[in-house]
Amino acid sequence: MSTLTDLTLAQARDKLKSREISSRELTEAHIVAMEDARDLNAFITETPEHALTMADAADARIKDEQNGDKIGPIEGIPVAIKDLYCTEGVQTTAASHILEGFKPQYESTVTANMWKAGGVMLGKTNLDEFAMGSSNETSYFGNVISPWRRTDDNAGQIVPGGSSGGSASAVAARIAIAATGTDTGGSIRQPASFVGIVGMKPTYGRCSRWGIVAFASSLDQPGPMTRTVRDSAILLQAMAGHDPKDSTSVNQPLPDFEAALTGDIKGLKIGIPREYRMDGMASEIDDLWKQGVKWLEDAGATCVEISLPHTKYALPAYYIVAPAEASSNLARYDGVRYGLRVDGDSLEEMYEATRGEGFGDEVQRRVLIGTYVLSAGYYDAYYLKAQKVRTRIAEDFRNAFEQVDAILTPTAPSAAFAAGEKGDDPIAMYLNDIFTVPASMAGLPGISVPAGLSADGLPLGLQVLGNAFDEETVFRVGSVLEQAAAFDARPAKWWGDKS
Amino acid sequence: MSDTVKAPEPQLIQGATGDWEIVLGLEIHAQVVSNAKLFSGAATEFGAEPNTQVSLVDAAMPGMLPVINEVVVEQAVRTGLGLKAQINNYSVFDRKNYFYPDLPQGYQISQFSQPIVGEGIVHVELADGSVREVGVERLHLEQDAGKSVHDLHPQQTYVDLNRSGVALMEIVSKPDMRSAEEAAAYVRKIRSILRYLGTCDGNMEQGSMRADVNVSVRKPGDDLGTRAEIKNVNSLRFIQQAIDYEAQRQVDIIEDGGAIKQETRLFDAGSGTTRAMRSKEEAHDYRYFPDPDLLPLEFDDAFVARIKADLPELPDDKMDRFQAELGLSHYDAGVLVAEREIADYFEVVANGRDAKIAANWVSGNLFGLLNKDGTAITDSPVTAEQLGGLLDLMADGTISGKIAKDVFEDMFATGKDAATIVDEKGLKQVSDTGAIETMVDEVMAANQDKVEEYRGGKDKLMGFFVGQVMKASKGQANPGVVNQILKNKLSG
Amino acid sequence: MSLDKATVAGIAHLARIKVDDDRLETMVGELNNILGWIEQLDEVDTDGVAPMTSVADMDAPQRQDIVNDGDCRDRVLANAPAAADGFFGVPKVIE
Ligand SMILES: [Mg+2]
Ligand SMILES: [Zn+2]
């Protein structure tokens, strides 16, 4: 069985297509792995019956293929869905008490696309509450644990990063072949880096946001989390596409992402941004970055130093824009139409009690910050200022992409840390996203590729950023890095049935 | 307008300390005529069962997103052109954040700093013929809220989201009005323009048009006073009542040494008074910011030009034309252009006929019967074509004006054509000179004394003879022919 | 600038979040810490810079005026904590 859960998406796809394996057996193997890995707390809701029904339907379609039935690009592949995507009839919580028990009467566009493409849903993965966090420690349903442990600490629990920590752990622990994440300031790329998998944030507008619980509307973007770059390309193909129900969804033809993986980056110019070399950054991160430069140059690319002068301001600007939008997006959780209601003697008491109990600390913190920066007298100083800084950040990238085809940076300033390690300092936690946030602010695509291990044996990722709607270059450069790095470390199994 | 603009007299309130001037500004919320809502595909029809015209977007389910309705954009531009206002090719949708159960998103999508329509102007005519120019500050698009029902359950307020997300145009006036009469006339004029344009049905009872009235008072020549905003007043009469009450209340407070609080007040139709709202009392901080789910709304000049080319003739222009080209009096023209349906009706009647006669029949006989019946002109049992047919029978001498009135009443009651009724009842006017000569002879024979008097110089008796002959003909004799024959015979 | 407890309580009320008094104290420190850190944005010269209004460089898409949604009361009310007679129910509001 273990070999079935080791298959990459591309491998499983080919074996399913040739009918060497069935989706049912593939799915069953992953259900076993899911149930075996409950120690990781990667799932909020497991949907095994759902999965088997979908798997059987996929098998039927594969069997019928010779009769002319079309099979989808991810036909029969068991995937996990971040519990921020609304799934029809299946509890969707955003990892918040306020949405506990909520069963959407609709399916998000991205998951609907995936089911149309033949995907099989294993369950809904845990995340930071409303996707607000970088360590998956803010979920109402408990922390997610990384399958990784430090070499010198056999018992210490490591965070998987966040906010797509459940999806990250599930893919890294081989519970799901692939998973969906959402990335607002790094929530796909940073956890991917922490657990040694590939995480891809497409260009803003590439995937529909319809049916995904909103955190910060101008930043949120769904994307794939997989174990290889090829799998990432395949899954994004199944997720993306124009959606008339999302006004910010871009009506542009979808390139063939997998076809972009030519392995050839000869002549490409890669920018190395000076400002990403931060004071106090671990030397192993800097070393890995330099290694990355060498790998790309060895493959025929030219690496040039570039300047993104406003880099350091991206994070503080983000912590105005994202909470501001969130404070408004989360106003709908008021105990009236769905989710938690805590009774009160008056309407106002009902609102305040519901939201006081329903939202956890970090969500409350951000809603309050967001409320404050939009409030009368402060709007110009905070929100408007941040949006102007954002224009500056986007200009930096625009200028850079006039000179280069892609940009290489570390994904995160450190390897994963232990649970509780940064618990009481919000800013220390926010700094996790220092390398991922700038591209988010500019809406640009980026990928994190596992590239090495830290001194204490935890994965480290490198990030490739691309120009708007040039995911192809991002994938191509990412896959060259992947090949050069040949990252094949995997976490020793300490959870569940250890056999 | 072509008339010389005569500014109206301000309505002054005599206080203990002298005269006070009322200053009024209005925010009119007009429901945009469209099939579907502003940002969702749910229906907008009035009167449906609760929550049956609600999409998941309108109910603000998690992850739902707005997409704008193109017709609503056109309607807003059309309205802006009708108000002779600046059309902004670039506008932005903002979120106005506050909590209320009939506001599912926790914010209203509206336009704040960059509305779709900017400044415009409206001419408002008062009963005495004076004209006030009222400035329009802006027009913006926004979502309507749902409805809270407070009286269906002892402990609960019920929420119906059918209206939630219906497109509204908020038309904000400048503080240019100085009397309750002007405010009512302004609303009437806006309503008329919107109905001409087909952008709002103007139905105040159903809430398709509501006004927020900003009232302040000041000593003439002073700076603007502190205003109170009276929310959601939904009839012209209530608007006037609310203003009269509120202005007096403010004068009383100030003269008693008090100060006016800037606040939101509710009009109570039962008592004709206003009172401060109990909820929403705390200072509002709406935290407006551009809605990140929507992109700025942009269109080019060609789009505006296309809408402009399709605009109907508006009441002011129609008024000018009715006077200049059709020779109607200012008063008649004003009555006929007030409602688009009336003007349309009139124009069909007047087409190819004497416009003044057509105007008299429409605003006299037709309105008389419609009012008596409480029927709208759109439901008139006599169509404009039918009324035209009646006027034709008069014009060609088939019936007299007197008979025509009777025929018209018959038409109104039965819906039959004038010609049919004239035929059926044998009301055709007698112009046959032989028959009339016989009647004249008979009348003269029966009134020999009067014939002598007439011939002795008492010309005035002509009317008597005509009356007698008409009576003998049961009104069907052609009065012109009767006159001619009488004149000949009497002088002979 | 620095937020005091009353201001934070006011913000919490504006956001309709009940924050217990002891947590309010902690919150004041945390928010001030975050806002202090954010103030480094003052270093950026943004004179004449337009604020970013949308990431996507495209025109707002528009829908046709067609009724193709709604009429799904059961789905709308399916998750309501207190629905009755086809309405959502909330504690009585006095205007
Ligand atoms: Mg208003
Ligand atoms: Zn309004």
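Quick note on labels: first sequence line is chain A, next is B, and so on, each numbered from 1.
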Checklist entry - Does the pair B/Leu161 and A/Arg337 meet the rule for a side chain to side chain contact (heavy atoms under 4.5 Å, CB included), with working shown? => result CA-CA 11 Å; B/Leu161 299 180; A/Arg337 293 164 316 286; 3.9 Å; yes
Checklist entry - Is a donor on one side and an acceptor on the other found under 3.5 Å between the side chain of B/Arg287 and the backbone of A/Ala376? => result no
Checklist entry - Who wins among A/Val336, A/Val373, A/Thr371 for the most heavy-atom pairs under 4.5 Å with chain B? => result A/Thr371
How long is the span from the [atom1] atom in [X] to the [atom2] atom in [Y], to the nearest 0.5 Å?
X        : Y        : atom1 : atom2 : value
A/Leu374 : B/Tyr288 : CG    : OH    : 13.0 Å
A/Ser375 : B/Asn97  : OG    : CG    : 11.0 Å
B/Gln105 : A/Ser328 : CD    : OG    : 8.5 Å
B/Leu65  : A/Trp210 : CG    : CH2   : 8.5 Å
B/Asp293 : A/Ser218 : CG    : OG    : 9.5 Å
A/Arg332 : B/Met61  : CZ    : CE    : 10.0 Å

Checklist entry - B/Ser40, B/Gly41, B/Ala59: which one forms the most heavy-atom pairs within less than 4.5 Å of chain A? => result B/Ala59
Region of [X] in contact with chain B, defined by heavy-atom distances below 4.5 Å:
X        : result
A/Ser346 : neither
A/Pro244 : backbone
A/Tyr85  : neither
A/Leu347 : side chain
A/Leu384 : neither
A/Ala324 : backbone

So for atom [atom1], which belongs to [X], do other residues, nucleotides or ligands contribute more than 12 heavy atoms lying within a distance under 6.0 Å?
X        : atom1 : answer
B/Glu45  : CD    : no
B/Lys147 : NZ    : no
B/Asp300 : CG    : yes

Next on the checklist: Is the distance from the ring center of B/Phe289 to that of A/Tyr383 below 6.0 Å?
Outcome noted: yes
Ignoring hydrogens, what is the shortest heavy-atom contact between [X] and [Y]? Give both atom names and the distance.
X        : Y        : value
A/Ser247 : B/Leu295 : O-CD1, 3.4 Å
B/Pro101 : A/Tyr351 : N-OH, 3.0 Å
A/Tyr333 : B/Pro62  : OH-CB, 3.5 Å

Next on the checklist: Counting C-beta onward and ignoring hydrogens, is there a side-chain heavy-atom pair between A/Arg355 and B/Phe99 closer than 4.5 Å?
Outcome noted: yes
Item to check | side chain to side chain contact (heavy atoms under 4.5 Å, CB included) between A/Asn329 and B/Arg95, intermediate numbers included | outcome: CA-CA 10 Å; A/Asn329 282 334; B/Arg95 293 185 182 179; 2.9 Å; yes
